[in-house]
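What follows is one structure encoded as C-alpha cells, with my remarks underneath.
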There are 2 protein chains.
Amino acid sequence: MTALGFEAHDHSGCIDDALERAESRCHDAKLQFTPARRRVYEILLQGHQAMGAYDILEILGKGGHSVQPPTVYRALDFLLRAGLIHRIERLNAYAACMLLADHDAGDASHVPAFLICRQCRTVAEAEGDRSTDGLTDAAAASGFVVETRVVEAEGLCPACSEGGDRP
Amino acid sequence: MTALGFEAHDHSGCIDDALERAESRCHDAKLQFTPARRRVYEILLQGHQAMGAYDILEILGKGGHSVQPPTVYRALDFLLRAGLIHRIERLNAYAACMLLADHDAGDASHVPAFLICRQCRTVAEAEGDRSTDGLTDAAAASGFVVETRVVEAEGLCPACSEGGDRP
DNA sequence: TGGGGATTGATACAGTATAACATATCACCT
DNA sequence: AGGTGATATGTTATACTGTATCAATCCCCA
C-alpha cells in the first residue's frame, strides 16, 4: 500500500483536475456544487494540508464581506457527505480527498488511512481496507455493528524528519 | 482478536482491581498518583463509558468546592501519559484503559483499537497490532515516521442494536 | 404564479481546551 | 532550620471548535 500526499507534483494542475472531477461528480449525483462550497473546497486543495474550520473562515473573510462559522461548517458538511474531503479527527481539521479517481463516492469498503505530520500538518492518504484495519475481527466477535471508521497516524513527514524533529 | 467492554462483569471488583493496579504501576514508575488524579480515574472507571472533560468536571464539582477546567485536563494528561486512560478522538472524550493487565505501560507495539457506541457511548477496547493497522506499510513506503496511532470505529454496541437503532 | 425544497445570512450560544501566573507541597542539600 | 528546585495545584481569563435558531433568498417546476 502506498500513500498519496508527500510527493512533489504539478500542484495547479492537480487542483484544476480535482475541481473538474468534483463538478462532474456533483452533477452526476444531482448535488449542487455552489460557489460557497466550491470556494471552501478550493481553499482545502491549496495546501494538501489539514485546515481548521476557522482557518478557512479567515481566508474566506479576506474578501471583505464578513463570513460566519455556520457558512463554513455547512460547506464542510456538504463536502464530507459528497466524499470530496475528509475530517481529520486527531486535529479537528479537514483535508481534501486525494483519491478521487480511485473509487466511487459512496464506496463503503474505502477505509481511508491518514498520515498526519504534526509539524507542517501535511496529510497523506492511504487506501485502507476493511480486512486490514484491525477492527473487523473484534467487531464481529463482539456483535458490534460498525458504521464509520477512523484510522490515523501522527508523526513526521519525510521533509520534516530531515530537519529539526523536536516535539 | 476480541474486544473488552460489552460483557457483563463484577463492576465494583473491576474498579477496585484497576485502582490497585494503577497504584502499584505509578509507584513502580515513580509517578505520583495523587488524590485529584485518583478521583478523575475513579470517575472514568465508573461507567466503562467515554466521558467528556466537562462531564468529569461536573461530577468533581458536586463536592461543593469549585473545580476549574485545568484541574481536570491536568489529571487527564497525567493518566494519558501513564497509560491508564485513552483519549477517544472521535468523541473528544476519555475512557479508562481496559487492558491494564495485558501489557506494560510503555509498550509501543500496543495499538489500541476502539469500538464506540454512538448511542450509549460505551467503549470497548481491542488489542490491535502494528502489523494489522493498515498504516505501517504506507508509512514505510513513503518515509513517514509514525509516532502515535488512532484506530476507532463508531457504530452500535450489541445492546443498543437490539432496540431502536435509528441515527 | 406561487409553493416547496434547498441554500445562505446572521445572531447567539454551547462545548472543548489552554495560556499565564500565583501558590503550595515536598524532597533534598548544606 | 533555611534555601532551592521539581512537581503539583489553584485561579482567572481566553482561545478554539461547533451548533441551534430564525429569517431571507433562490430556483425548479407543477
Side-chain angles (χ1 to χ4, degrees), chain A residues 22-23 26-27 29-41 43-44 49-61 63-82 84-95 116 118 121 150 154 167, chain B residues 22-23 26-27 29-41 43-44 49-61 63-82 84-95 116 118 121 150 154 167:
Chain A
E23 298 269 18
C26 287
H27 182 266
K30 305 225 190 310
L31 300 173
Q32 301 177 229
F33 197 55
T34 64
R37 292 164 177 180
R38 183 190 172 96
R39 189 79 192 88
V40 169
Y41 186 47
I43 290 171
L44 280 173
Q49 271 191 331
M51 302 184 67
Y54 281 70
D55 296 335
I56 297 169
L57 186 63
E58 194 174 334
I59 294 173
L60 277 177
H65 63 313
S66 85
V67 184
Q68 272 62 43
T71 301
V72 175
Y73 282 102
R74 284 164 182 160
L76 291 171
D77 283 348
F78 171 86
L79 295 168
L80 284 169
R81 274 183 283 120
L84 295 171
I85 66 171
H86 298 288
R87 177 178 162 82
I88 309 297
E89 299 292 342
R90 177 79 184 188
L91 300 176
N92 294 332
Y94 306 83
I116 308 158
R118 66 167 156 77
R121 281 171 75 111
V150 177
E154 191 171 8
Chain B
E23 297 270 18
C26 288
H27 182 266
K30 305 225 190 308
L31 300 173
Q32 301 178 230
F33 196 54
T34 64
R37 293 163 176 181
R38 183 190 172 98
R39 189 79 191 87
V40 169
Y41 186 47
I43 290 171
L44 280 172
Q49 272 191 332
M51 302 182 69
Y54 281 70
D55 297 335
I56 297 168
L57 186 62
E58 194 174 336
I59 294 173
L60 277 177
H65 64 312
S66 87
V67 184
Q68 270 65 44
T71 302
V72 174
Y73 281 101
R74 284 165 182 161
L76 290 171
D77 282 349
F78 171 85
L79 295 168
L80 284 169
R81 273 184 284 118
L84 295 172
I85 66 172
H86 299 289
R87 178 179 161 83
I88 309 297
E89 299 291 341
R90 177 78 184 190
L91 301 177
N92 294 331
Y94 306 84
I116 307 159
R118 65 167 155 77
R121 283 172 73 112
V150 177
E154 191 171 6

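Sequence lines set the chain letters: A, B, ... in the order given, protein chains first and strands last, and positions in each chain run from 1. Note that these values count all heavy atoms, side chains included, but never hydrogens, waters or copies made by symmetry.
Taking side-chain N and O atoms only, B:R38 has no distance below 4.0 Å to OP1 or OP2 of D:dA8. Residue B:T34 has a polar side-chain atom (N or O) positioned under 4.0 Å from OP1 or OP2 of D:dT9. Regarding contacts with the backbone of D:dT12, every side-chain N or O of B:Q68 stays at 4.0 angstrom or more from both OP1 and OP2.
Checked by atom type and distance alone, the side chain of B:R121 pairs as donor or acceptor with a backbone atom of B:A50 at under 3.5 Å. In this structure, A:R37 contributes its side chain and A:Q32 its backbone to a donor-acceptor pair below 3.5 Å.
A 6.0 Å sphere centred on CD of B:E23 holds more than 12 heavy atoms belonging to other residues, nucleotides or ligands.
Note: CD (A:E89) to P (D:dT17) measures 13 Å, nearest angstrom. When rounded to the nearest whole Å, the span between NE2 of B:H65 and P of D:dG10 equals 7 Å. As rounded to whole Å, 14 Å separates atom C1' of C:dA14 from atom CD of B:E58. Taking atom CZ of A:F78 as the reference point, atom C1' of C:dA6 lies 11 Å away to the nearest angstrom. Between B:L91 atom CG and C:dT16 atom P there is a gap of 10 Å when expressed in whole angstrom units. One atom, CZ of B:R39, and another, C1' of D:dA8, lie 19 Å apart when rounded to the nearest Å. Distance A:L57 CG to D:dG18 C1': 12 Å, rounded to the nearest Å. Remark: P of C:dA17 and CG of B:L76 are 9 Å apart, rounded to the nearest angstrom.
For B:Y54 and C:dA17, a side-chain-to-base donor-acceptor distance below 3.5 Å is present, hydrogens and geometry of angles not being considered.
Between A:P69 and B:T71, the residue anchored closer to the 5' end of DNA chain D is B:T71, taking for each the nucleotide with the nearest heavy atom.
Listed nucleotides: D:dT9, C:dT16, C:dT8. Nearest to the side chain of B:Y73: C:dT16. For A:R37, taking side-chain heavy atoms from C-beta onward, the closest of the listed nucleotides C:dT7, D:dT9, D:dG18 is C:dT7. The side chain of B:P70 has C:dT18 as its nearest neighbour among C:dT18, C:dT16, C:dT7. Comparing C:dT7, C:dG9, D:dT9 against the side chain of A:Q32 picks out C:dT7 as the nearest. Side-chain atoms of A:R74 lie closest to C:dT8 of the nucleotides C:dT8, C:dA19, D:dG18.
A:Y94 comes within 4.0 angstrom of the backbone, heavy atoms only, and of no base.
Between A:Y73 and A:Y94, the two ring planes are perpendicular [angle over 60°; tilted spans 30° to 60°].
Shown are B:T71, B:V67, B:V40; of these, the side-chain contact (heavy atoms from CB on, under 4.5 Å) with B:L57 is made only by B:V67.
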